[in-house]
Amino acid sequence: MLQRTKKSQMLEDHGDKDRAYRFKILLPNGTSVCLTFQNPKPTMPFGDFIQRLEEEYSLTYRRFSSGKRKRDIDWKGGCLFLEDANDRKIRGEMNFKNFKPHECHILKLHDGSHESAYTFENMWDLTPVTDILKELPEEYTFETALADLIDNSLQAVWANDRRHKKLISVDVADDVISIFDTGPGMDGSDEHCIVKWGKMGASLHRSLREQAIGGRPPYLTPFFGMFGYGGPLASMQLGRHALVSSKTKDSRKVYTLHLDREALLTGSNSNIQKKRRGSDSDSNWKTDGGMRDPLEDEISKTPHGSFTKVEIFKPKSKLDISQLQCKLKDIYFPYIQCDEESKSGKTITPVNFEVNGVDLAEIEGGEIAITNVHSCNGPDFVLQLHFSCKQDSMTKSPDSKAYIQANARLKCAYFPMVEGKENIEKILERLESDGCGTSENFETYSRVSIRRLGRLLPDARWARLPFMEFKQKKGDKADLLKICCLRVKCFIETDAGFNPTPSKTNLAHHSPFTTSLRNLGNQPLENEKDVRIKIYRDGNHLTLSQLKKEYEDWILQMHERYDDEAHCGEDQPVLVVSPANKKALRISSEVARVHKSLKRKGVTWKCGQKIKLLRGACAGVHNNNVYATIEYFLLEGLEGDPGGGARIICRPLSLSVDKGCILKINDGDTSLDIRDSLSVPVSVIDSGKCLAVESNEWDNQLEKQRQKSPSTIDLLDVEECQELGVDGALPVDAPAGKVPPEVIVAVVRPASYVSSCASKTLDQKYIARTNLKMFMEVEFRSDAEGLRNVRDISACAVPEPRKGIQGLYIFPLKSKYPALFQTSGVYTFSFHLTESNCKHVEKRVLIKQAPIVEYKEIQFTCPNGKAPVIGTPKMEFDEIQVQSSHGKVLPLQDSSSIQQVGNLMVPVMKAPKVEYDESPIPCPNEKIFLLQDSSSLPQAQNLEASNVNKEKIPYQVFELSLAQICELEKDLHQSGMQIGDMEKNLDALNKEKAVIEQDIYVVQASVERCNSDYCSMKAELKHRIESMSHTAASTLCNLLRVPSQELSNDFMGGVIGLVALLGSTGSSELSRILSEYLGEDQMLAVVCRSFAAAVALEKYEHNGEVDSRHALYAAAAKLGRSINGRFLVISLEDIQPYTGDFDGGDPQRKLALPYPILPSGNTPDGFLGYAVNMVDLDEHHLHMTTAAGHGLRQTLFYFLFGELHVYKTRQDMLAARACIKHGAVSLDGGILRQTGAVSLGYGNPEICFPVLRSVAVMKKKIEIYKETMSAVIAAIEEFTKDHQKALKKFRKKNKKWHELATVKERRLIKTT
């Protein structure tokens, strides 16, 4: 019989109350049986107890036998006895008073056989509770599972008192992983039963969570238990079989629990199904166990006698020991070495962590340890946050508090630049060399890490919190802050008020405290209004504005003290002391060093090197890439001084050398005059936004610059001035007294301008925009007076706009100089620009005296029917050669004048001089002859004629047939006029052909340039999105670059892309305002074909949390990234599409929306179109349609913009409010929302649509030009044929006229 202990003596008979005694009997053949006795007598004969045991064994063996043959038990032998955990034996009778009722007592049966079992089937019942089964995560990663087992050990050893050793020892081998801790241990008692380790939902620490809220940072209270399934699931994730061995300080035996992966999973699946069906029959989940004596090795590690050891057999993965040591040190760093828990300030070791016998406190690796080494020694920026939130009355339990609370400490550490290199880059390099590297770089490196109760949440690698950003600030100070804020990392310590994800790798995404923490610095979101946050620094309460101000001051202080942006240059420096132009140089130090060579990240940059500063690199480089030449490097302070900044002085490509920076040294006095050069921070090199430029690219940019640079000055003609609505243009010549024009309009032409493009001169691309002054001077020459200056006509003009055309120089004439052209002579107008190599221009105006025309008529009559007697005429004919426009010589003999018609010289007969004699000449038909002493046609100009034969030919006077000669002369004149018209048409057609050829060349060049600029801009946009760490957009952008076969991304099949990458706009102003209207969330929205494709991007845990191990989150992890926060996904099939008509002639299939109409019936001024039609789709997305046949414009962009109006100016937009129903924007920054809200202020969105001038329109223009060119060429061929025929006929008529004029048709009468 067992003697009564003190505890058993305290057990008295409870009278009529029900008493149940439960026993688990371990049988010698390796099986176990459970017995329950309800209200037994105080004692029971030992034989009766054995008989009851035999009967229960027979029943249990039939129901739960594994199928293996078990050895028989000698039930009838005389050697049967029971043994308890303290090696006490029971033989005679069972005295129930020695056992505590309502608890399970483990006894071992011996039958006298020498064969003894140490493992017993179905010893432990691990059946979980129903609620826990609903919360099961789908899987663990290997590292997460191992950390979960270590969490259990840390929770256990933390319960030890100060006298007991706190040790956690991890041993990793190829065939087994062992986790040993010296915690209080477990046994078979109800209070400390080992079943609780393996039974999900039975965690000993779940109820202690409330005790871990509050306290002092870093909140080292490791009550991590939240869900109660860490032990069994984690062990099964690591290997196929697990053995848990544990011993309490008071027990003599070691209790064991066996977990087999296959049996566990089978039991789990069946139990889950049964619980979900509501069935409780056979709802058990049993596993093997046992008892044994402790091993010597176990006793040596735990002097106080308690421990727990978990052994994982046949691990699924092999671990790199050094990497495992570093990762575990990162996760549990404050528990391994901490200086905040010690009153003396010394570093203490709260828990001894060992991995394969190596104390983790002694290793130097790990991200946290390396990070601590590279932070500056200056003060950290520390905030204490207190969160509170009112509980929902529907969800809180009756005993729970009205408010839930949480606390966090934020410690911002500064990692300065030292000797020209970022310390964060040094951290990344060290991690890479230690084999712990990540895919992050300086830009994407996580700036926030989070611990909960001192334990690192490895997936909580957040981007900067809102109060750590300076996106909206402008100017030099803002640029400095934007650079320096990248050198800050925030370490967040949270208490148990913050909930983790089931895998304890991140904070729960949907928790209100998590959302509020991530939004710290911004105004509360809609779902944060119930959360109250109190912010303290050094005990003082801060508002959000005070927080931002103090953080900004701290960053500037750290920069001044610790940043050494460039230790020294590669050459001997020149010192500049107390520079007077520090603001222009953008420095603050009184001493600066000027170098011509600097080494940065292993690359040497030199004076004279050509570079490209990418758009947005720094202040002064906002809208476009800047090509420049390095002139000097400027380092603040003396060598070795901390806090010195570094600048690059560079001269933009558009700036001439004489306007660049100059270093002057006079008698030891040194000065640096930056003039028009740029001063940019040297950090643009580190950020990858300053690139070295090859000679080919530089030459191309030089050519582009030359094409845009001012080349010549041109004066607009009458038609162009009329297009501008002014009376302008100088005449070529004019009579004296002509009124001068109202104005003269001059423009500066770029080098790309070709003068044959007459029809395009008012296009802005053919007019250079400058800020230079233009001067006009006038000189006058008169035949009588010689050359003299008109000194009172000298004017200056600056460029001004007119009707949307910039760069017009308008000189008034009529109002200032009304009597300018009163005197005949030559007026020379000269125009030139100041400070420019642009060619000056001169225009001459010939002012002539007004001509005097006199007419003389001679009338001959025939009195008495007889003609007058005409004296013998003496007519002299000179043979004249006239050269046509085609170089053919036409011989003429005539005293006529020559008239130019087109490019052809046409002869006109003069009346001959007549001398009268007495010879009568009859006048036929008694007609009257009318003669003029001069030609009826004017004398032609530019006549090229030569007298080849001036020999006078005498003729006899004879009877003249004047009517025939005049008829032939008239015919010749008409033919010449026709030929001249043809030549004019040919000349005009050839000019038109030249214009079209130039237009085609210019448009083709524009297409190539636009495509090149667009590709470059889109590549920059993708790079900017990829650098936005911890976002879904960044991950997707990377995935779209990786071939699909390299990643198992089934969810990507339905993804079309990001909104910002699906279209383009025709101007940067339109791109900016539409992007600002949508906002960054919608610009980075993921567009999917269907709702099924949208929801496939993420999966969820049983409790509704996002499962970060699947879909897009898993793909991000493979790329070395993570996704934090929400992101917008648009399903095209669920969008109500536009169902109206389309613009049939537009390849972009723009929507045929009616123009807005004001109440007056007019279209509003400045209306440019609808936003939905002003975004052009990429070619490979142009024909993409949904299952219903709707395109992206009908669905996505109509969903985003609706019928949003676009106006030229804000004034136009506000004037059109009466007809605006769906909102409007203006190119100068105005935004009217559909709800009537107005967006004020100024925005500068980082994510904008790429700009692509309308290539489709330009290609259409080229097609039209080519069609026109074909028509022009056909017309030229037709006119050429007609011209040749007409010229042939003209030559024949001219020959006949020549014969009539010289011999045949005129009879000359010789007089004596």
Side-chain angles (χ1 to χ4, degrees), residues 444 462-463 509-510 518 1018-1019 1021-1044 1047-1064 1074-1100 1105-1137 1172 1175 1177-1178 1180-1182 1184-1188 1190-1201 1245-1250:
T444 60
W462 294 358
H509 304 299
H510 303 299
R518 299 196 71 148
K1018 192 167 184 179
L1021 175 61
K1022 289 181 179 179
H1023 176 74
R1024 187 176 293 112
I1025 294 174
E1026 288 172 2
S1027 66
M1028 300 175 71
S1029 56
H1030 312 300
T1031 64
S1034 172
T1035 300
L1036 278 168
C1037 213
N1038 275 275
L1039 288 175
L1040 293 173
R1041 289 180 180 271
V1042 179
S1044 58
L1047 293 172
S1048 54
N1049 300 325
D1050 297 336
F1051 59 87
M1052 287 294 289
V1055 176
I1056 296 173
L1058 304 178
V1059 170
L1061 299 174
L1062 295 180
S1064 62
L1074 292 185
S1075 302
E1076 186 179 354
Y1077 174 83
L1078 292 179
E1080 191 169 288
D1081 283 349
Q1082 293 193 93
M1083 288 294 289
L1084 295 178
V1086 183
V1087 182
C1088 296
R1089 293 180 182 272
S1090 63
F1091 184 76
V1095 298
L1097 293 176
E1098 66 181 19
K1099 294 187 178 181
Y1100 307 94
E1105 296 286 343
V1106 175
D1107 189 344
S1108 58
R1109 297 177 299 277
H1110 291 284
L1112 187 60
Y1113 294 83
K1118 290 182 180 179
L1119 293 172
R1121 295 173 174 267
S1122 62
I1123 299 174
N1124 295 332
R1126 292 184 178 272
F1127 60 95
L1128 182 63
V1129 183
I1130 300 174
S1131 167
L1132 295 185
E1133 72 174 11
D1134 295 328
I1135 292 175
Q1136 184 68 33
V1172 66
V1175 176
L1177 299 175
D1178 285 353
H1180 54 286
H1181 291 126
L1182 190 57
M1184 198 288 301
T1185 59
T1186 63
H1190 302 299
L1192 282 179
R1193 192 180 306 281
Q1194 294 171 262
T1195 53
L1196 174 65
F1197 289 107
Y1198 191 68
F1199 165 75
L1200 293 174
F1201 294 117
E1246 288 192 356
I1247 305 301
C1248 296
F1249 289 109

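As a basis for the values below, the full set of heavy atoms in this structure was taken, side chains included, without hydrogen atoms, waters or symmetry mates.
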Does any part of the side chain of [Y], heavy atoms only, come nearer than 4.5 Å to the side chain of [X], both counted from C-beta?
X       : Y       : value
Leu1061 : Cys1037 : yes
Phe1201 : Leu1074 : yes
Leu1177 : Leu1062 : no
Val1086 : Phe1127 : yes

Subject >> Arg1089 side chain vs Ile1056 backbone, donor-acceptor pair below 3.5 Å >> reply: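 A pair under 3.5 Å: no.
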**OP:** Give a yes or no answer on whether the side chain of Thr1186 reaches the backbone of Glu1133 with a donor-acceptor pair at less than 3.5 Å.
**Re:** no
Looking at every heavy atom in both [X] and [Y], which two are closest together, and how far apart are they?
X       : Y       : result
Ser1090 : Ser1131 : C-OG, 3.1 Å
Leu1132 : Met1184 : CD1-CE, 3.7 Å
Ile1123 : Ala1032 : CG2-N, 3.9 Å
Ala1111 : Ala1096 : CB-O, 3.4 Å
Glu1098 : Tyr1113 : OE1-OH, 2.9 Å
Leu1078 : Met1083 : CD1-SD, 3.7 Å

Original post:
What do the steps show when you test Leu1058 against Leu1036 for side chain to side chain contact (heavy atoms under 4.5 Å, CB included), and what is the final call?
Top reply: CA-CA 8 Å; Leu1058 304 178; Leu1036 278 168; 4.1 Å; yes
Reported [atom1]-to-[atom2] distance for the pair [X] and [Y], which is rounded to 0.5 angstrom:
X       : Y       : atom1 : atom2 : result
His509  : Tyr1100 : NE2   : OH    : 10.5 Å
Glu1080 : Ser1075 : CD    : OG    : 10.5 Å
Gln1136 : Thr1195 : CD    : OG1   : 11.5 Å
Leu1039 : Glu1026 : CG    : CD    : 10.0 Å

**OP:** Determine, step by step, whether Leu1200 and Ile1130 satisfy the side chain to side chain contact (heavy atoms under 4.5 Å, CB included) criterion, reporting the C-alpha distance in whole Å, the side-chain angles of both residues, the deciding distance to 0.1 Å, and the verdict.
**Re:** CA-CA 10 Å; Leu1200 293 174; Ile1130 300 174; 4.1 Å; yes
Subject >> Worked verdict on Leu1128 versus Leu1084 for side chain to side chain contact (heavy atoms under 4.5 Å, CB included) >> reply: CA-CA 8 Å; Leu1128 182 63; Leu1084 295 178; over 6 Å; no
**OP:** Verify the neighbour count for atom CG of Asp1134: are there more than 12 heavy atoms of other residues, nucleotides or ligands below 6.0 Å?
**Re:**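 Correct, the count exceeds 12.
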